Asker: 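Pasting in a structure now, in structure tokens, and then I'll have a few things to ask.
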Amino acid sequence: MGKTADLTVVQKTIIDTLHKEGKTQTFIAKDADCSQSAASKHVNRKLSGRKRYTTNRENHSLESKIDSRIWVNFTKEWTEAGVKASRATTHRRLKEFGYSCRIPLVKPLLNPRRCQRRLTSFQMRASFVFHLETKVLDSGERVEKLIAQVD
């Protein structure tokens, strides 16, 4: 114990409620039965830690979305629901809920242009029909050719 006595839980709640009502520190101290300096120190204390970026309601909405689904882009879904949270915040909340997930270290190499190119090339390959043509030459050799035809 220092110069000011330790406050009980009841005294702390009285100080907090009266401070929210806008009462002076001397009035609060008389009502809570403590010194003015003790009331001042409790009112002006610094709360440790960083303020949470998301509310409990937003956290609950994320948790209800994940129930039993495979990892999808929850950040996108969460922002569509009206929550402004970064990818890292979403990842952190998922870990708090007990899910294991990872953020890829390298961005996927397929940009929209490459995706379109691959899609067209696959579509072109799908339109070809391959068949094996076998010919027997006069010398008795068999020659096989792979012939592609477009449907």
Side-chain angles (χ1 to χ4, degrees), residues 1-132 144-151:
M1 274 207 304
K3 291 182 180 178
T4 58
D6 291 334
L7 299 173
T8 63
V9 177
V10 176
Q11 286 176 321
K12 289 178 183 178
T13 53
I14 291 171
I15 292 170
D16 288 334
T17 53
L18 292 176
H19 179 68
K20 285 179 185 174
E21 292 174 8
K23 306 294 182 188
T24 62
Q25 289 179 0
T26 53
F27 180 81
I28 293 171
K30 286 179 186 173
D31 204 31
D33 194 34
C34 64
S35 66
Q36 184 270 330
S37 62
S40 173
K41 285 183 181 178
H42 181 72
V43 168
N44 296 326
R45 74 188 184 283
K46 293 196 180 199
L47 300 174
S48 64
R50 184 176 178 178
K51 183 183 173 193
R52 287 182 71 90
Y53 196 74
T54 55
T55 62
N56 287 339
R57 177 181 238 168
E58 293 167 344
N59 292 340
H60 184 69
S61 73
L62 176 66
E63 195 168 12
S64 65
K65 285 183 188 297
I66 27 178
D67 286 333
S68 63
R69 293 173 32 185
I70 300 172
W71 172 262
V72 292
N73 194 352
F74 284 115
T75 308
K76 184 179 179 185
E77 287 188 19
W78 221 13
T79 51
E80 287 172 358
V83 180
K84 293 182 180 177
S86 67
R87 183 184 64 155
T89 302
T90 308
H91 181 255
R92 207 174 302 115
R93 294 296 175 267
L94 288 171
K95 284 202 164 217
E96 284 177 10
F97 299 147
Y99 296 98
S100 62
C101 58
R102 66 176 189 84
I103 297 174
L105 295 175
V106 179
K107 184 178 173 184
L109 297 176
L110 289 179
N111 57 18
R113 185 175 169 201
R114 274 201 180 153
C115 282
Q116 188 61 38
R117 277 186 183 172
R118 289 187 68 182
L119 180 65
T120 54
S121 68
F122 284 131
Q123 287 172 344
M124 286 183 66
R125 285 186 208 150
S127 66
F128 282 101
V129 175
F130 293 97
H131 65 278
L132 193 63
E144 293 181 348
K145 288 184 184 178
L146 186 65
I147 298 175
Q149 292 179 345
V150 180
D151 282 345

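These numbers come from a predicted model, not from an experiment.
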Asker: Rounded to the nearest 0.5 Å, what separation is found between the CD atom of E96 and the OG1 atom of T54?
Answerer: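 Reported to 0.5 Å precision, the distance equals 7.5 Å.
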Asker: Between R114 and N111, what is the shortest heavy-atom contact and its length?
Answerer: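 For R114 and N111, the tightest heavy-atom pair comes out as N-OD1, 2.8 Å.
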Asker: Specify the closest pair of heavy atoms between Y53 and R93, including all atoms of both residues, with the distance to one decimal.
Answerer: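 Of all heavy-atom pairs spanning Y53 and R93, the closest is N-NH2, 4.1 Å.
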Asker: To the nearest 0.5 Å, what is the distance between OG (S40) and CD (Q25)?
Answerer: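 So the OG of S40 and the CD of Q25 are separated by 4.0 Å.
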Asker: Can you check side chain to side chain contact (heavy atoms under 4.5 Å, CB included) on R52 and N59, steps first, answer last?
Answerer: CA-CA 11 Å; R52 287 182 71 90; N59 292 340; 3.5 Å; yes
Asker: What is the distance from atom CG of L7 to atom NZ of K41, rounded to the nearest 0.5 Å?
Answerer: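 Answer for the CG-NZ pair, L7 versus K41, is 10.5 Å.
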Asker: If you define the side chain from C-beta out and look only at heavy atoms, does anything of I28 sit under 4.5 Å from Q36?
Answerer: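 I28 does not reach Q36 side chain to side chain.
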Asker: Under 3.5 Å, side chain of R118 to main-chain N/O of C115, donor-acceptor pair present?
Answerer: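 Judged by distance alone, no pair lies under 3.5 Å.
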Asker: Restricting to non-hydrogen atoms, name the atom on A39 and the atom on I15 that form the minimum distance, rounded to 0.1 Å.
Answerer: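 Nearest pair, atom of A39 first, then I15: CA-CD1, 4.1 Å.
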Asker: Taking atom CZ of R57 as the centre, report whether more than 12 heavy atoms of other residues, nucleotides or ligands fall under 6.0 Å from it.
Answerer: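 Atom CZ in R57 is not packed in, count stays at 12 or less.
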Asker: What distance do D31 atom CG and T26 atom OG1 have between them, rounded to the nearest 0.5 Å?
Answerer: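 Nearest 0.5 Å value for the CG-OG1 distance: 11.0 Å.
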Asker: Please find the pair of heavy atoms, one from H42 and one from R45, that lie closest to each other, and give the distance.
Answerer: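 Shortest heavy-atom separation between H42 and R45 comes out as O-NH1, 2.6 Å.
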Asker: Just verifying a value: how many Å separate K12 NZ and C34 SG, rounded to the nearest 0.5 Å?
Answerer: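 Answer for the NZ-SG pair, K12 versus C34, is 11.5 Å.
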Asker: What heavy-atom pair brings T17 and I14 nearest, and what distance separates the two atoms?
Answerer: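 Closest approach of T17 to I14: OG1-O, 2.9 Å.
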Asker: Surrounding CG of D16 (heavy atoms of other residues, nucleotides or ligands, distance under 6.0 Å), is the total greater than 12?
Answerer: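 Yes, CG of D16 has more than 12 neighbouring heavy atoms, counting only those of other groups under 6.0 Å.
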Asker: Determine the minimum heavy-atom distance between D33 and Q11, stating which atoms define it.
Answerer: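 That closest heavy-atom pairing would be O-NE2, 3.1 Å.
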Asker: So how far is it from H60 NE2 to F97 CZ, rounded to the nearest 0.5 Å?
Answerer: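 The NE2 atom of H60 sits 9.5 Å away from the CZ atom of F97.
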Asker: Would you verify whether the NZ or CZ of K23 falls within 45 degrees of the ring axis of F27 while also being under 6.0 Å from that six-membered ring's centre?
Answerer: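 Yes, a cation-pi geometry holds between K23 and F27.
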Asker: For side-chain hydrogen bond (donor to acceptor under 3.5 Å, both in side chains), just list the numbers for T89 and S86, CA-CA rounded to whole Å, side-chain angles, deciding distance to a tenth of an Å, and then say yes or no.
Answerer: CA-CA 5 Å; T89 302; S86 67; 3.0 Å; yes
